[in-house]
Amino acid sequence: MPTIISGSSGSGSRPKIPPGLYEGVAFMIAQLGTNWHKFSRDEDEEPKKQAKVAIFWEIPSIRDEDDKPATVAHTYTASLGKSARLYKDLIKWRNNKEFTPEELAGFDLENVLGVTCNLDIVMNANDNPKVDGVLTATGGAKKVATVHEQAVFELDTYLREYSGNSDAESKRMCDLFEMLLPFQRDMILGSDDGTKEPCFELQAIRSKGGSAPERVATPPAVETTAPAEEEFEDDIPF
């Protein structure tokens, strides 16, 4: 299922990523569902109902003890409105090429998988790496193989585990679910302390009597066959 964005609105060691500019390659898109979100700690601010999506990148120049690239992710509002962070990052990733009206009507975010870029990494308040900006790759974008499996966490498929329609694909989504960051998993299932409600998509299933599956996730496969690098026309990756 494509991850369409419109203009309307694991386990193992984690190597340290110091602040700086790094080449990154997108390897996973995650659909995080719809929930109430606020943009500040202002108690008077009214939360907005928004869908979220995340992009995960690997950083080839930084390796863990198993010689796998470090990874970093950013969570976006699923919108290509001109004020949206996703819109701004994609434009810079595309070497400042604006979206056409046709693209704005329905852009498949999965097109960025395997595409190189530059990531501006800073530290957040908890001293963890944060993607502060996405830029066109030095020397032009390329389509490359990744060490981590290139994949899409499809929320609708994952939620079949909760609706009594479990199958091989929904179980695969359970494996990918374990790769999400803890706060991203909370956006889907709700937090244990009750401060975050499950996404509306899961709430709808539970209202019909759906329940949580009982299974242990296994690590996803790692891609081992590398396609040849591909240069893009006019340095535009997607």
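If you read the sequence from its start, that first residue is 1, and numbering goes on from there.
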*Is it the case that more than 12 heavy atoms not belonging to K130 sit under 6.0 Å from its NZ atom?*
no
*Can you tell me how far the CG atom of N96 sits from the OG1 atom of T136, to the nearest 0.5 Å?*
6.0 Å
*So, is the end of the K52 side chain (NZ or CZ) under 6.0 Å from the ring centre of Y76 and within 45° of the ring's axis?*
no
_Distance to the ring centre below 6.0 angstrom and angle to the axis at most 45 degrees; does that hold for R172 and Y158?_
no
*Less than 4.5 Å apart, any side-chain heavy atom of H74 and any of V134?*
no
*Classify the angle between the aromatic ring planes of Y87 and F99 as parallel (below 30°), tilted (30 to 60°) or perpendicular (above 60°).*
tilted
*Look up atom CG in N35 and atom CD in Q203, then write down how far apart they are to the nearest 0.5 Å.*
7.0 Å
_Any carboxylate oxygen within less than 4.0 angstrom of a Lys/Arg side-chain nitrogen, looking at R94 and E103?_
yes
*How would you list all residue pairs meeting salt bridge (Lys or Arg N to Asp or Glu O under 4.0 Å) that involve residues 16-30, not counting sequence neighbours?*
K16-D127
*pair L90-L109: side-chain heavy atoms closer than 4.5 Å*: yes
*How many angstroms lie between OG in S79 and CG in L86, if you round to the nearest 0.5 Å?*
7.5 Å
*Kindly indicate whether the side chain of M173, heavy atoms from C-beta on, has any atom under 4.5 Å from the side chain of F153.*
yes
*How many angstroms lie between OG1 in T75 and CD1 in I55, if you round to the nearest 0.5 Å?*
10.0 Å
*Are side-chain heavy atoms of R160 and S166 found at a separation under 4.5 Å?*
no
_Rounded distance (nearest 0.5 Å) linking atom CD of E201 with atom CG of D156_ = 7.0 Å
*R85 and D89: salt bridge (charged side-chain N to carboxylate O under 4.0 Å, His left out), yes or no, with the steps?*
CA-CA 6 Å; R85 167 74 186 269; D89 279 358; 2.7 Å; yes
